[in-house]
Amino acid sequence: MTARNPLNRSLADGIQRVGFRKWYERELLSSHAHMALALISAVAMMASFEAFRGASTSEKFMNTAFVVVSGAIALWAMRRYIYLLMHAEEMANQANCAQCQAYGLLKLQEVEDRRLAAQRLVPVCCKRCGFRWNLQDD
């Protein structure tokens, strides 16, 4: 599930434009918005099931369509929630400087080697002490 939402910035773009901490915060907010969508879709699916009682045949077909659509939306939103949450947490676990233990004070470095981009490594530097390392962005 590597497809990204165009509203969510990539890690490198996020660090460069708004900084790591803001990127992380926005990634968590986006994931929780997907969780809320999954919850609302599940409620809509249960309401569609409830509408089956006493409905005519054409209304039952319409309710079946609502159940299928709301169920699909709920599954998609839950998968997206889990992906975004796990991605943000994985990046947060790599955001500590090994030298000075600063968290999230990252500056994006220029990609000097094409192999880094192919391996989805994001070269960063600590703003406090200048230590350099790569974040593994999967």
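Because the structure is a prediction, the values reported are computed rather than measured.
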Original post:
Quick check: are there more than 12 heavy atoms from other residues, nucleotides or ligands sitting under 6.0 Å from CE of M35?
Top reply: yes
Original post:
With distance as the sole test, does N63 use its side chain to make a donor-acceptor pair with the main-chain N or O of A51 at under 3.5 Å?
Top reply: yes
**OP:** To the nearest 0.5 Å, tell me how far R128 CZ sits from Q101 CD.
**Re:** 10.0 Å
Subject >> Non-hydrogen atoms of P123 and N134 that approach each other most closely >> reply: CA-OD1, 3.2 Å
**OP:** Decide side chain to side chain contact (heavy atoms under 4.5 Å, CB included) for M91 and L11; before the verdict, give the C-alpha distance in whole Å, the side-chain angles of both, and the deciding distance to 0.1 Å.
**Re:** CA-CA 8 Å; M91 294 303 103; L11 177 63; 3.2 Å; yes
**OP:** Look up atom OG in S56 and atom CE in M62, then write down how far apart they are to the nearest 0.5 Å.
**Re:** 10.0 Å
Subject >> In one Ile/Leu/Val/Met/Phe/Trp/Tyr side-chain cluster, 4.5 Å: Y103, L108 >> reply: yes
Subject >> Check: L105 and R21 side chains under 4.5 Å, non-hydrogen atoms >> reply: yes
**OP:** Please tell me if the side chains of Y83 and R79 come closer than 4.5 Å, counting only heavy atoms from C-beta onward.
**Re:** no
Subject >> Euclidean distance, F66 CZ relative to F49 CZ, rounded to 0.5 Å >> reply: 14.0 Å
**OP:** Measure across A102 and C126 and return the closest heavy-atom pair with its distance rounded to 0.1 Å.
**Re:** CB-SG, 4.3 Å
Original post:
Would you say the side chain of L106 lies within less than 4.5 Å of the side chain of W133, judging by non-hydrogen atoms?
Top reply: yes
Original post:
How long is the gap from CG on L29 to NZ on K22, to the nearest 0.5 Å?
Top reply: 9.5 Å
**OP:** Please report the C-alpha distance between S41 and W76 in whole Å, then the side-chain angles of each, then the deciding distance to 0.1 Å, and finally whether the side chain to side chain contact (heavy atoms under 4.5 Å, CB included) criterion is met.
**Re:** CA-CA 10 Å; S41 297; W76 173 82; over 6 Å; no
**OP:** Identify the two heavy atoms, one from D137 and one from H87, that lie closest to each other, and give their separation to 0.1 Å.
**Re:** OD1-NE2, 2.6 Å
Original post:
Can you tell me how far the CD atom of E89 sits from the OG atom of S31, to the nearest 0.5 Å?
Top reply: 8.5 Å
**OP:** Search all heavy atoms of A55 against all heavy atoms of K60 and return the closest pair with its distance.
**Re:** O-CE, 3.4 Å
**OP:** Before giving the answer on side chain to side chain contact (heavy atoms under 4.5 Å, CB included), spell out for H34 and L84 the whole-Å C-alpha distance, their side-chain angles and the decisive distance to 0.1 Å.
**Re:** CA-CA 9 Å; H34 282 85; L84 289 171; 3.8 Å; yes
Original post:
Tell me, do L135 and I15 make a side-chain contact under 4.5 Å, heavy atoms counted?
Top reply: yes
**OP:** Would you kindly confirm whether M45 and F52 end up in one hydrophobic cluster when ILVMFWY residues are joined by side chain heavy atoms under 4.5 Å apart?
**Re:** yes
Original post:
When clusters are formed by joining ILVMFWY residues with side-chain heavy atoms under 4.5 Å apart, either directly or through shared neighbours, do L75 and V67 land in the same one?
Top reply: no
Subject >> Minimum heavy-atom distance between A88 and L28, given as atom pair plus value >> reply: CB-CD2, 4.0 Å
Original post:
Is the number of heavy atoms from other residues, nucleotides or ligands within 6.0 Å of CZ (F131) greater than 12?
Top reply: yes
Subject >> Within one Ile-Leu-Val-Met-Phe-Trp-Tyr cluster: Y81 and M86, side-chain cutoff 4.5 Å >> reply: yes
**OP:** Identify the two heavy atoms, one from W23 and one from V18, that lie closest to each other, and give their separation to 0.1 Å.
**Re:** N-CG2, 3.9 Å
Original post:
Is the closest side-chain heavy-atom distance between Q136 and L121 below 4.5 Å?
Top reply: yes
Subject >> Value rounded to 0.5 Å, distance of CZ in F20 from CD in E25 >> reply: 11.5 Å
Original post:
Does the side chain to side chain contact (heavy atoms under 4.5 Å, CB included) test come out yes or no for L37 and R80, once each step is laid out?
Top reply: CA-CA 10 Å; L37 176 61; R80 191 72 185 157; over 6 Å; no
**OP:** Verify, without hydrogens or angle tests, whether S30 (side chain) and R26 (backbone) share a donor-acceptor contact under 3.5 angstrom.
**Re:** no
